[in-house]
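These figures come from a predicted structure and were not determined experimentally. The figures here come from the full heavy-atom set of this structure, side chains too, leaving out hydrogens, waters and symmetry mates. A, B, ... follow the sequence lines: proteins, then strands. Residue 1 opens every chain.
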Amino acid sequence: MEITKPYNPTETENKWYQYWLDKKFFKSTPDGRKPYTIVIPPPNVTGVLHMGHMLNNTIQDVLIRRARMLGFNACWVPGTDHASIATEAKVVKLLADKGIKKSDLTREEFLSHAWDWKDKYGGIILEQLKKLGASCDWDRTRFTMETDLSEAVIDVFIDLHKKKQIYRGVRMVNWDPQGLTAVSDEEVIHKEVNSKLFFVKYKIDEIADEWITIATTRPETILGDTAVCVHPEDERYKHLKGKHAVIPMVNRKVPIIFDDYITMEFGTGALKVTPAHDINDYNLGVKHKLEVIDTIAPNGKMSEAAKFYVGEDRFTVRKKIAKDLEELGHVVKIEDIKNKVGYSERTDAVIEPKLSMQWFLKMDGVSKPALENVLNNNIKLIPEKFVNTYKHWMENVHDWCISRQLWWGQRIPAWYDNKGNTVVCKTLAEAEQQLRTTNPELRTEDIRQDEDVLDTWFSSWLWPITVFDPKAIQTGFKNANADLKYYYPTNDLVTAPEILFFWVARMIIAGYEYCGEKPFTNVYLTGIVRDKQGRKMSKSLGNSPEPLELITKYGADGVRVGMLLCSPAGNDLMFDESHCEQGRNFWNKVWNASKLIKGFEVVVKEQPAASKVAITWFENKLAEQLEVINDHYSKYRMSDALMATYKLVWDDFCAWYLEIIKPEFIDGKAQPIDKTTYDATVGFLENLLKIMHPWMPFVTEEIWHLIKERNEKDCIIVAEWPKNEVKDRSILQMFDIVAETIAQVRSIRNSKNISPKQKLSLYLKAEKENVSTLFHDVIIKLSNLDKFELTGAKVENSVSFIVKQFEFFVPLEGSINKEEEKERLTKEIEYNKGFLKSVQIKLSNENFVAKAKPELIALERKKASDAEAKIKTLQEQLTSL
RNA sequence: GGGGGGUUAGCUCAGCUGGUUCAGAGCACCUGCCUUACAAGCAGGGGGUCACUGGUUCGAACCCAGUACUCCCCA
């Protein structure tokens, strides 16, 4: 096969991806090998591939492909998350577009629409991942709301309830008055807005003509005030101890309480306390046992309890009450301020803190092993800096509110009768039986199940367990199936730092609780993909490139390389398309190099000396760099591993090695290459392809098959990762000198405007016995010399340069500008003198000589003597000009 | 308000145990080349007060303290 065509990414990608699928290379079943396992962070079923997924999944694919080549039984489990809130919102919107209101549907009808939606769109993102080259075991694809996975979630709820870890209680939630549901903290977007700060005075009940002024941005909540709070140290209010304030309009007498929670500097230092409508006030209320008056109804309108403005919207009321209070003489002043207000991510309604009955999971006990095992490095966070954040969070963990006022999700298995009894169990029948023990007359139709579903994370925290064995929750880890026992604990988890607590920490908790073992060993935290201006990429900003278009434009390989070139672990990634361009250029380079090699005419003939030494050199270079690359991988320095690969291929292989062994043209005709060199070169190419494969799976597989005839299962995806044994490090050092020598000659050509085609002569001032001639032919070839000889003395009319201890001359009759040369030499002497001086200062410092390590001192001495020698040589050159 | 980071070349980032000619890489830029694999390329080159101030040390981009700016998480 000749490589003639330019590389066609789209065609090649489809071809090989299908081939890999057909040959079942992604498939994994337990066997005698060691497993290497990754479970995918399941993307939302609503999701379409965005740049964050691209980054995340590319990293996972690189890890899994390399593990596969290293001989592990590599298993990457894919799947999707039902994402209760996001999905329900999508479905609600879709129905609304069709003129159907959720409130007009029964739960069953709505869920049937939701499942239809899931079946239609739920798999899109996984199909998109295939375009990226993701080598997941698709037969293992899971969905968090599959019957048996859901059952596991319910089992866990019942189990934790039995263990008294789950309880029901009243808590403040983020209420979306438009969506009529509680939303989680992460779905609240805090925006800075311009507001008015109202200063309102309340009469002190016990003292005539005494007032206390509070400041608030939400005067409509005054109707629900049940206290006024000041700082205990605040001199202004000390005399009000034990007194009461009178809430305007409603004329309610409320206590004045003292708490150091108050910021004395803010407003007047006096805070109105509305436990029903502010989380901080609520906490104060709990602490000081205050009355709770809920004045705002779920739809955001004033409730009966408010007594005034009943049925009117809270924002209308804000204006009205401000006016009314002003007329009553209670408003002292109004200031403009900026403050942060929470908005619902999906309805954009202003979030209303609201008290409601919710289910909670106690976190203090279960979170212990999750903290310990991260602190003792049993589970590694990469980069390590996240351990601090993790620790802080785990030490201050709050109970987890696990109920959501939604329909799409696992419904809470709690059942209520008509007398206020509650039982937690799986089925209605069980509930009936249990409830009847205290309520014998209970009729089945009077039993109702909790309307709420569980938080999405309450299902995804079981992900690393249930993808392998959903029944394990029931059977216990000891009796789990073969899959779970083989693959668990998994190896690496690749995810975003913003879900370190929501998801990662909780998986660890569940892992220890239900398997008695960590769910994974390493957690690689990726950064957020941002645009060039540092803004998070998002649909609403319209600043995110369409990933599939990028793939079409630069090839999946190009995009993969582009993403990983600039993605330090844990740091945000400033994405720019030019990185993909660089990625594309890289596969193009590899393609062309392969084209060159494949195009050689091969004959059996004598091997040129230059080729022979180049092979020895590159053999060692490859091994040396592979060592470096493996080391980067072991530390999860992905960008570094990629860059080392990039330079090994581009600089060492293409720019140096191939240029050395490439046969010359004689009379316009390319000469054939000797078989020995050709075979070695193909061998190198094969190893390089293997090293590149995790980054660029498609182009490497294509070349792998073009460069040699292969049988059907001989694919690079399952090829063995190369070994790295450096046999001769001295040759590497020698080559560095050779490379610099060649660069110097090229530099002379450049500065003197000498064509690369014009042959030059080169002399090295040295005794024959002191110098190796190993690379002479290489220097001759790459510098395009007609002569390279040793000389005992300086060569007249020449440009000279020094590499290490070697002094070289390039005779250039007529084109030597003495003044220029003098200037150049003088500069170089000065530089070296300066350097020598700094070393000498160091060496004459008694403290340095006394305290520094002996090796270091020896090194400094050598630096000094080397510099002296160099200065001497340069000075000789200068004087002889 | 509490916690965790970051600040090194025009851009994106390395710099791992304080010590090698340590001030680096890639990209971008400049100069010259359409040299028979590749102009998506080749050869060569310029470019930084390591945010600022102080301290520790024989020695600091690196350790410590403070300041400024900035990002993230939690409330």
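Checked against salt bridge (charged side-chain N to carboxylate O under 4.0 Å, His left out), Asp278(A) has no partners two or more places apart in sequence or in another chain. The ring-ring contact (aromatic ring centres under 6.0 Å, His included) search around Phe735(A) returns Trp617(A), Trp656(A), Phe775(A), not counting sequence neighbours. For Glu352(A), the side-chain hydrogen bond (donor to acceptor under 3.5 Å, both in side chains) partners are Arg218(A), Arg314(A), not counting sequence neighbours. Legend: residues meeting salt bridge (charged side-chain N to carboxylate O under 4.0 Å, His left out) with Glu601(A), ordered by chain and number and at least two apart, are absent. Residues satisfying the side-chain hydrogen bond (donor to acceptor under 3.5 Å, both in side chains) test with Ser634(A), not counting sequence neighbours, are none. In terms of the salt bridge (charged side-chain N to carboxylate O under 4.0 Å, His left out) criterion, residue partners of Lys287(A) (sequence neighbours excluded) are, by chain and number, Asp259(A). With sequence neighbours left out, the salt bridge (charged side-chain N to carboxylate O under 4.0 Å, His left out) criterion links Glu860(A) to Lys842(A), Lys863(A). Residues passing the side-chain hydrogen bond (donor to acceptor under 3.5 Å, both in side chains) test with Lys621(A) are Glu624(A), sequence neighbours excluded.
Residue pairs meeting the side-chain hydrogen bond (donor to acceptor under 3.5 Å, both in side chains) criterion with at least one member in residues 736-745 of chain A: none, sequence neighbours excluded.
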Using a cutoff of under 3.5 Å, can you pull out all pairs of nitrogen or oxygen atoms linking the protein to nucleotides 60-65 of chain B, with atom names and distances?
none

Write down the protein N/O and nucleotide N/O pairs, taken from nucleotides 15-18 of chain B, whose separation is under 3.5 Å; answer none if there are no such pairs.
unit_1: G15(B); atom_1: OP1; unit_2: Arg637(A); atom_2: NH1; d: 2.9

Where along nucleotides 33-38 of chain B does protein come under 4.0 Å, by heavy atom, of base (B) or sugar-phosphate alone (S), with - for untouched nucleotides?
-> --SBBB
